[in-house]
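Here's the structure, in structure tokens; my notes come after.
Remember, predicted model here, so these are calculated numbers, not experimental data.
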Amino acid sequence: MKIFTGRANPALAKGISDYLRQPLGKLAITNFPDGEIFCKIEDNVRGHDIFLIQSTCQPVNESLMELLILIECFRRASAKRITCVIPYYGYARQDRKDDGRVPLTAKLVANLLTEAGADRVISMDLHAAQIEGFFNIPVDHLNAGIVLDKYFKSLQIPEEELVIVSPDAGSAKRSLKHQHVLGGGLAIVDKRRSSATDTVQANITGDSVEGKTAILFDDMISTAGSICGAAKMVKDAGAAKVYIAATHAVLCGPAVEKLNAAPIEEIVVTDTIPLTPERTPNKIKVLSVAPLLGEAIRRIHFNESISCLFKDPE
Ligand code: R5P
């Protein structure tokens with residue numbers, strides 16, 4: 001087994017390598033003057049079980065193209081099996097045709113990865129679970145929920161003071177899973193999209209948030225319109241404290257500004273996407289998913305079951 005990383009998230013790759021107590025393989029990646037990507041594997045990989053770590057995060061197109069080129073490179077270098085470890089799967093939000101004459105990019109990316117030569121994929125909190133079915137190769141779809149829940153459990157918020165809030169109907173199932181682990185009540189914010197970039201929050205249904213500590217869970221925070229709108233709504237409805245949590249800190253456009261102005265105690269995210277200084281809001285807590293991904297890699301390599309990774313963070 002050998003693990004390699006692209007340039008999208010070197011800190012997470014280092015965390016995975018530390019967990020596995022195995023150094024990252026040697027790989028030189030450069031850009032030609034016109035921007036084209038070039039790579040050279042500096043280790044022998046012939047007949048090896050290769051795990052290639054690359055989040056397809058911003059710069060999204062560069063990260064994706066780099067991953068495709070790396071797969072092609074490992075394939076031609078006679079790797080026995082190539083598993084793409086994609087902690088954040090970009091282009092996932094275009095996963096259905098909700099209008100005429102629009103693309104299905106989540107499916108296109110699955111086709112590109114397979115065509116380039118990927119044998120299997122490990123990803124985390126895909127925007128929609130059915131994206132797994134866009135692949136004709138095995139996909140191990142991990143869930144960072146256990147890492148987030150472990151952190152919130154450590155805060156020891158009494159169950160009777162807690163309400164888990166889903167920032168939209170689409171996230172209700174995810175919120176229900178968190179409620180099963182953390183306890184407390186459950187409420188759902190009625191979010192409507194007013195355009196591709198703007199949302200409006202109309203109502204809260206479910207248990208009362210008044211005087212409670214509310215935790216809002218989403219899969220990603222992109223422009224932060226959804227989560228900040230929901231947080232404000234919950235606070236206006238009388239919540240004493242509001243925490244927000246998400247697996248993927250996309251944090252683009254006005255996200256940092258919005259998060260800094262939001263009435264929240266803390267923003268809890270994972271390290272599937274690296275945070276640059278300009279994309280780091282105040283009050284942020286970053287939890288690492290490196291042990292989870294590292295353990296999945298280890299188990300896949302040794303053909304062990306990974307189902308225990310859905311139950312116990314240890
Ligand atoms: C929506 O379906 C997703 O789960 C997220 O709520 C959404 O993508 C977040 O986007 P933004 O932060 O731009 O509102």
Side-chain angles (χ1 to χ4, degrees), residues 6 8-9 12 52-68 70-71 83-99 101-116 118 120-145 147-148 166-175 177-178 191 193 195-199 216-227 244-253 255 269-275 279 289 292-293 296 310:
N9 195 342
L12 176 62
L52 195 45
I53 304 162
Q54 177 86 325
S55 272
T56 50
C57 55
Q58 57 270 56
V60 178
N61 297 332
E62 181 84 2
S63 300
L64 175 61
M65 194 64 203
E66 188 171 289
L67 176 57
L68 296 170
L70 289 173
I71 299 168
T83 300
C84 295
V85 183
I86 311 176
Y88 170 71
Y89 185 89
Y91 278 115
R93 279 175 287 178
Q94 294 170 53
D95 61 346
R96 63 193 180 283
K97 283 197 76 173
D98 51 6
D99 197 359
R101 302 188 293 275
V102 295
L104 254 173
T105 52
K107 169 69 177 147
L108 171 67
V109 171
N111 288 350
L112 290 170
L113 293 168
T114 313
E115 190 56 35
R120 62 187 303 138
V121 167
I122 302 173
S123 194
M124 188 165 269
D125 290 318
L126 290 163
H127 178 63
Q130 59 269 24
I131 292 173
E132 194 174 330
F134 292 176
F135 287 87
N136 288 330
I137 53 174
V139 176
D140 288 301
H141 184 191
L142 302 175
N143 178 358
V147 177
L148 297 170
S166 177
D168 57 31
S171 294
K173 239 180 175 173
R174 177 180 307 110
S175 299
K177 280 190 193 160
H178 288 289
K191 175 184 100 174
R193 211 160 256 295
S195 73
T197 50
D198 291 314
T199 54
L216 283 71
F217 288 100
D218 211 341
D219 60 332
M220 68 176 82
I221 304 175
S222 183
T223 63
S226 306
I227 204 104
I244 61 179
T247 304
H248 308 298
V250 178
L251 304 190
C252 57
V269 296
T270 80
D271 57 354
T272 58
I273 299 176
L275 289 179
R279 286 178 43 256
V289 289
L292 191 55
L293 288 164
F310 297 96

Among residues at least two apart in sequence or on other chains, which ones pass salt bridge (charged side-chain N to carboxylate O under 4.0 Å, His left out) with Asp125?
none
Taking Ser55 for the side chain and Thr272 for the main chain, is one N or O donor matched with an acceptor at less than 3.5 Å?
yes
Evaluate Val60 against Tyr91 for side-chain contact (heavy atoms from CB on, under 4.5 Å), listing each step before the verdict.
CA-CA 8 Å; Val60 178; Tyr91 278 115; 3.8 Å; yes
By side chain to side chain donor-acceptor pair (under 3.5 Å), Glu66 pairs with (sequence neighbours left out) Arg7, Gln54
For Gln94 and Leu108: C-alpha separation, side-chain torsions, deciding distance, then whether side-chain contact (heavy atoms from CB on, under 4.5 Å) applies.
CA-CA 10 Å; Gln94 294 170 53; Leu108 171 67; over 6 Å; no
Can you tell me which residue among Ile71, Leu68, Thr105 is in a side-chain contact (heavy atoms from CB on, under 4.5 Å) with Leu112?
Leu68
side-chain contact (heavy atoms from CB on, under 4.5 Å) partners of Arg96, counting only residues at least two apart
Asp98
Output for pair (Asn136 CG, Asn111 CG), nearest 0.5 Å, gives 8.0 Å
Identify, with sequence neighbours excluded, every residue that meets salt bridge (charged side-chain N to carboxylate O under 4.0 Å, His left out) alongside Asp95.
none
Across all chains, not counting sequence neighbours, the salt bridge (charged side-chain N to carboxylate O under 4.0 Å, His left out) partners of Lys177 are none
Which residues satisfy the salt bridge (charged side-chain N to carboxylate O under 4.0 Å, His left out) test with Asp140, sequence neighbours excluded?
Arg120
Residues in ring-ring contact (aromatic ring centres under 6.0 Å, His included) contact with His127, at least two apart in sequence or another chain
none
Restricting to side chain to side chain donor-acceptor pair (under 3.5 Å), what partner residues turn up for Ser171, sequence neighbours left out?
Asp168, Arg174, Asp218
If you measure from CZ on Arg93 to CG on Leu126, what distance do you get to the nearest 0.5 Å?
13.0 Å
Result of checking Pro87, Pro274, Ser63 against Asn9 for side-chain contact (heavy atoms from CB on, under 4.5 Å):
Pro274
Within this structure, what is the CG-CE distance for the pair Leu292 and Met124, rounded to the nearest 0.5 Å?
4.0 Å
Measuring from Thr247:OG1 to Met220:CE, what's the distance to the nearest 0.5 Å?
9.0 Å
Provide the closest heavy-atom pair for Gly90 versus Thr56 in the form atom of the first, atom of the second, distance.
N-OG1, 2.7 Å
Are the side chains of Val269 and Leu251 in touch, meaning some heavy atoms are under 4.5 Å apart?
no
Would you check if Ile86 and Leu113 make a side-chain contact, meaning some heavy-atom pair closer than 4.5 Å?
yes
List the residues meeting side-chain contact (heavy atoms from CB on, under 4.5 Å) with Ile137, not counting sequence neighbours, and say none if there are none.
Thr114, Ala118, Val121, Phe135
What distance do Ser222 atom OG and Ile227 atom CD1 have between them, rounded to the nearest 0.5 Å?
12.0 Å
Please enumerate all residues that pass side chain to side chain donor-acceptor pair (under 3.5 Å) together with Ser226, with sequence neighbours excluded.
Lys191
May I have the step-by-step check of side-chain contact (heavy atoms from CB on, under 4.5 Å) for Val109 and Phe134, ending in yes or no?
CA-CA 9 Å; Val109 171; Phe134 292 176; over 6 Å; no
By side-chain contact (heavy atoms from CB on, under 4.5 Å), which residues pair with Lys173, not counting sequence neighbours?
none
Intermediate values then yes/no, side-chain contact (heavy atoms from CB on, under 4.5 Å), Phe217 and Ile244:
CA-CA 6 Å; Phe217 288 100; Ile244 61 179; over 6 Å; no
Output all residues satisfying side-chain contact (heavy atoms from CB on, under 4.5 Å) with Glu115, sequence neighbours left out; order by chain, then residue number.
none
Asp219 side, atom CG; Tyr88 side, atom OH - distance, nearest 0.5 Å
8.5 Å
Are Ser123 and Leu142 close enough that some pair of their side-chain heavy atoms sits under 4.5 Å apart?
no
